[in-house]
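Counting starts at 1 for both ligands and their atoms, following the listed order.
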Amino acid sequence: MTMTFNPSRMVHDLARHSRRPTTRPGPQVISLAVGDPDFPTPEHISQALTDALAAGATHYAPQQGDPELRAALADQVSDTSGRRYEPAQVLVTHGSTAALASTILATVDPGQRVILPEPTYSLYSDLVWMAGGEVDFVRHLDDLHLDLDAIARAAPGARMVVVCNPCNPTGAVYTEDELEDLAEIAEEHDLLVIVDEAYDHLVFDGVPFVSALEIEALAGRLVYVQTFSKTHAMCGWRIGYLAAGPEVVQAASRVHQTFNGPVNSAVQRAALVALVEPGDWPDRMRREYQARRDIVARMVASAPGVELEEPQGTFYAFLRYEADIPAAEVRRQALERGVAVRAGSEFGPGGEGFVRVSFSTSRELLVEGMERLVGLLGEDA
Ligand SMILES: Cc1ncc(COP(=O)(O)O)c(C=O)c1O
């Protein structure tokens, strides 16, 4: 007899709410959809992995992370913040995905409300739903920066706010003043504040980047989330971390231990090398992304029916189009023309009328893909 299988209610709920794609575009299309650098991981990091395996890093690592890596991360976070973070305040995670998941599952109870300034990275809302929490989307201002008045209105009774800076998908880099104002609201309403700075090394034109770690007023309530994926082109390695107050780290660690167990030992040894010997790769990659950002901006400027608030960071351009069709439909039509993009509505209701283009692909493919996309958007305008 065949079994009748019914997934859990959580899976049903997630499927009902989630706008995240469950498949990746196939090789027959030009993908301007994914958030994975097209650069290979720098060779000295890959070599460090081979060396670590040869040296016997084939056993379970400590649950909270490799002690040397945690010490180095704690030092780096202390340097940025100007306050001492102890290694016990760092949790090494299975990508920053697991840092976000562990924190949200460790801190949000069913029914609790989480403020998501949006459009924003679509994983956050899925995790809140998974925890049984309520998502409170607060739309960005027209310039794609934080609407602090609206956040202040949403704050009473909320549990936390999750901010992506630089912002995937918009490319906005929040100013020090914005972060200070956010800290004030969080203080007044006793909110936890997760700040995900996955793209902190991908900021263009000399725009100053201020880490949430530098905002003294956030100190007691900040969960700082970071990853090796983007800065070091290590998406497939699956390693990230969080730094926070000891109680939050302990709670998140308990979830991470239960869900993931310790992160791959040899990968942690290689991540230590990435951290202490970054070389000039992060800078070289940033320069290339900036050149590609300029290509996208130029192509949009001369195209009818589409406009762009130029991204100050990340490797995404969030294109606003004039045509009166849902973003999910634009995505579908673009796919028919052989170019994969992401619907702006994936990133929150404020993303309707936008598509997200990723420029983590070669210039040649980027130009070809953009030609197909702006052709489509111009036609429907
Ligand atoms: C803003 C942001 N945070 C976190 C992640 C997850 O990265 P990872 O799990 O590879 O560290 C991504 C990936 O695209 C991202 O864009």
Mind checking whether Y124 has an N or O less than 3.5 Å away from an N or O of ligand 1?
no
Counting non-hydrogen protein atoms only, what is the nearest one to [atom]? Give residue, atom name and distance.
atom: atom 16 (O) of ligand 1; result: Y199 OH, 2.6 Å
atom: atom 3 (N) of ligand 1; result: D196 OD2, 2.5 Å
atom: atom 13 (C) of ligand 1; result: K230 NZ, 2.9 Å
atom: atom 9 (O) of ligand 1; result: T97 OG1, 2.5 Å

Just jot down the ligand 1 atoms closer than 4.0 angstrom to any heavy atom of [X], in number order.
X: G95; answer: 9 (O), 11 (O)
X: T227; answer: 8 (P), 11 (O)
X: S229; answer: 8 (P), 10 (O), 11 (O)
X: R238; answer: 8 (P), 9 (O), 10 (O)

Once you restrict to heavy atoms under 4.0 Å, what part of [X] touches ligand 1? Side chain, backbone, both or neither.
X: N168; result: side chain
X: F228; result: neither
X: S96; result: both

More than 12 heavy atoms of other groups within 6.0 Å of R113 CZ
yes
Assess C164 for proximity to ligand 1: is some non-hydrogen atom of it under 4.0 Å away?
yes
Side-chain donor-acceptor pair under 3.5 Å between E178 and H145, yes or no?
yes
If we count only N and O atoms by modelled type, under 3.5 Å, do the side chains of D51 and Q47 hold a donor and an acceptor together?
yes
Any carboxylate oxygen within less than 4.0 angstrom of a Lys/Arg side-chain nitrogen, looking at E288 and R363?
yes
Hey, are R70 and E68 close enough for a salt bridge, meaning a charged N less than 4.0 Å from a carboxylate O?
no
Could you check whether any side-chain heavy atom of [X] comes within less than 4.5 Å of a side-chain heavy atom of [Y], counting everything from C-beta outward?
X: T107; Y: Q112; result: no
X: P119; Y: H140; result: yes
X: H256; Y: Q64; result: no

For V114, run the side-chain contact (heavy atoms from CB on, under 4.5 Å) check against D136, V162, V161 and tell me which one passes.
V162
